[in-house]
Amino acid sequence: MELQREVRALLKKRKAIMLAHNYQRDEVQETADITGDSLRLSQVAAESEAEVVVFCGVHFMAESAAILSPHKTVLLPRLDAGCPMADMITAEQLQREKEKRPGVPVVAYVNTTAAVKALSDICCTSANAAKVVDSVDADTVYMIPDRNLSRYVAKKTAKEVEWWDGYCATHDRLTPEEVRAVKVKHPDALFMCHPECRPDVVELADHVCSTSGMYAFAQESRVETFIVGTEMGILYRLRKDNPEKQFILPSRSLICPNMKLITLEDVREALETMDRVVTVPEEIRVPAKETLDRMLAIPRD
Ligand code: 13P
Ligand code: SF4
């Protein structure tokens with residue numbers, strides 16, 4: 001594809017690496033150097049030697065790359081691609097919650113703004129949330145902003161978990177009835193589900209994991225049919241890498257409009273103009289980096 005070749009040539013010219021989240025449009029995933037979940041992409045952004053990172057995802061993800069790599073130029077090809085859940089808690093709101101709970105560590109899901117990370121103690125992603133909570137030296141933690149991820153973690157840890165009442169509208173829409181309807185038609189199928197789904201949906205899952213966890217599960221499992229409880233963008237590589245297996249989305253509404261904003265044309269323009277840059281002021285970046293670094297220091301499995 002001509003456009004794909006143009007993008008790849010521009011990436012070379014700018015000494016850039018292109019990262020794409022698992023929910024991005026098919027052609028964006030196809031063109032990227034690396035596709036992955038939030039944890040993997042933040043690790044790559046921290047470790048890459050590229051001068052420019054083109055982040056195809058939503059704003060908090062590009063912001064995390066800018067926090068971790070202040071000497072790199074981080075481009076978000078659509079600066080208006082936000083995560084509504086990340087915007088559900090502001091730094092001022094978190095400050096008030098902290099004052100109500102002196103000494104209680106704040107575990108911030110990476111789906112938060114840099115200013116909120118700066119006020120938090122440690123980050124987590126959907127791939128490591130329970131492990132992060134277990135690593136914290138306290139009996140009680142305060143998790144932000146996702147009530148569903150928090151309730152899932154609360155069941156997996158011996159610690160007391162309190163949380164902010166945020167949610168992802170895309171995942172929170174999926175109902176147990178929709179999942180059960182597919183299970184009835186495909187009784188042998190395994191249901192894999194993102195922890196941003198509601199507890200009554202998570203309860204039905206055979207495997208609860210991050211988006212990249214779903215690729216691993218699908219490849220390792222001998223089962224042929226999977227019900228997929230997350231955003232539809234994940235189907236592209238699941239189907240491409242597992243042509244003999246069947247992947248079923250239980251609802252048509254599993255679409256994150258923000259994740260679908262970036263087109264390959266946007267990526268080309270961002271690389272041509274180099275003006276869609278995400279930056280974080282130093283007074284926020286430095287404490288936010290400490291919060292992310294504490295998560296990244298936890299040994300990988
Ligand atoms: P993952 O970290 O599992 O990729 O999830 C990110 C996200 O935004 C899910 O909605
Ligand atoms: Fe945010 Fe939900 Fe979209 Fe993920 S799927 S980026 S949590 S709105």
Side-chain angles (χ1 to χ4, degrees), residues 19-25 28-29 32 34-45 55-65 76 78-89 107-113 116-117 123-132 143-150 152-153 163-174 192-198 201-202 205 207-218 228-238 249 251-262 278 292 295-296 298 300-301:
L19 311 183
H21 188 265
N22 293 323
Y23 296 159
Q24 289 289 293
R25 290 168 184 251
V28 171
Q29 292 193 45
I34 310 267
T35 49
D37 63 4
S38 309
L39 181 60
R40 167 116 169 92
L41 296 182
S42 65
Q43 287 162 342
V44 174
F55 214 116
C56 298
V58 289
H59 194 270
F60 77 83
M61 296 180 176
E63 209 176 42
S64 295
L76 179 62
R78 283 286 298 257
L79 287 168
D80 55 341
C83 166
M85 175 162 72
D87 295 329
M88 280 183 186
I89 186 164
V107 179
Y109 194 23
V110 280
N111 302 42
T112 43
T113 63
V116 164
K117 287 186 179 79
C123 276
C124 73
T125 74
S126 61
N128 63 12
K131 202 169 163 182
V132 166
M143 288 189 75
I144 56 166
D146 185 9
R147 65 185 181 206
N148 290 339
L149 178 70
S150 307
Y152 170 66
V153 170
W163 57 82
W164 180 258
D165 195 28
Y167 59 92
C168 163
T170 302
H171 286 85
D172 203 65
R173 267 198 297 263
L174 181 61
M192 47 190 187
C193 165
H194 198 277
E196 286 176 18
C197 291
R198 294 161 30 170
V201 169
V202 168
H207 192 54
V208 183
C209 56
S210 77
T211 52
S212 288
M214 292 187 187
Y215 289 108
F217 186 63
V228 183
T230 196
E231 210 272 350
M232 48 88 70
I234 194 155
L235 294 175
Y236 171 63
R237 274 198 310 128
L238 277 176
L249 215 59
S251 161
R252 286 185 183 195
S253 59
L254 281 165
I255 299 181
C256 172
N258 289 284
M259 280 285 185
K260 296 294 175 270
L261 284 176
I262 296 173
V278 173
L292 274 164
M295 170 184 84
L296 293 170
I298 293 178
R300 297 177 201 178
D301 291 326

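When a ligand or atom number is given, it counts from 1 through the structure's own listing order.
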Could you list which atoms of ligand 1 come closer than 4.0 Å to a heavy atom of His171?
10 (O)
With no hydrogens and no angle check, do the side chains of Thr35 and Arg237 hold a donor and an acceptor under 3.5 Å apart?
yes
Mind checking whether Glu196 has an N or O less than 3.5 Å away from an N or O of ligand 1?
yes
For Ser251 and Ser253, test the side chains for any donor-to-acceptor distance below 3.5 angstrom and give the result as yes or no.
yes
With a 4.5 Å cut-off on side-chain heavy atoms, are Ser126 and Glu196 touching?
no
What's the shortest distance from atom 5 (O) of ligand 1 to any protein heavy atom, and which residue and atom give it?
His194 NE2, 3.3 Å
N/O donor-acceptor pair under 3.5 Å between Asp37 side chain and Arg40 backbone:
yes
Taking CZ in Arg198 as the centre, count heavy atoms belonging to other residues, nucleotides or ligands within less than 6.0 Å. Is the count above 12?
yes
Can you confirm, on distance only, whether ligand 1 has an N/O atom lying under 3.5 Å from any N/O atom belonging to Asn111?
yes
Residue, atom and distance of the protein heavy atom nearest atom 6 (C) of ligand 1 read Ser38 OG, 3.3 Å
Can you check whether Val58 reaches Tyr23 side chain to side chain, under 4.5 Å on heavy atoms?
no
Please could you name the atoms of ligand 2 that Asn111 approaches to less than 4.0 Å, counting only its heavy atoms?
7 (S)
Is the shortest heavy-atom distance from the side chain of Val278 to the side chain of Phe55 under 4.5 Å?
no
For Asp37, the ligand 1 atoms whose distance to one of its heavy atoms is below 4.0 Å
1 (P), 2 (O), 4 (O)
Under-4.0 Å heavy-atom contact with ligand 1, by part of Thr125 that carries it
neither
To check you understand the geometry: which heavy-atom pair defines the closest contact between Pro257 and Thr170, and what is its length?
CD-OG1, 4.5 Å
Using modelled atom types and a 3.5 Å cut-off, is there a donor and acceptor pairing between side-chain atoms of Trp164 and backbone atoms of Met88?
yes
Thr112 side-chain N/O to Ala108 backbone N/O, donor-acceptor pair under 3.5 Å:
no
Are there over 12 heavy-atom neighbours, none belonging to Tyr167, within less than 6.0 Å of that residue's OH?
no
Counting only nitrogen or oxygen atoms and a 3.5 angstrom limit, does Ser210 reach ligand 1?
no
In the shown structure, where waters are left out, how many protein N, O or S atoms lie under 2.8 Å from atom 3 (Fe) of ligand 2?
1
Asn22 to ligand 1: N or O pair under 3.5 Å?
no
Report the relative orientation of the aromatic rings in His194 and His171; use parallel for angles under 30°, tilted for 30 to 60°, perpendicular for over 60°.
tilted
Within the 4.0 Å heavy-atom shell around Tyr23, which atoms of ligand 1 are there?
7 (C), 9 (C), 10 (O)
Select one of side chain, backbone, both or neither to describe which atoms of His21 lie under 4.0 Å from any atom of ligand 1, heavy atoms only.
side chain
For Glu196, the ligand 2 atoms whose distance to one of its heavy atoms is below 4.0 Å
2 (Fe), 7 (S)
Do side-chain atoms of Lys117 reach the backbone of Cys123 as a donor and acceptor pair under 3.5 angstrom?
no
Among all the protein's non-hydrogen atoms, which is closest to atom 1 (P) of ligand 1, and how far away is it?
Ser126 OG, 3.5 Å
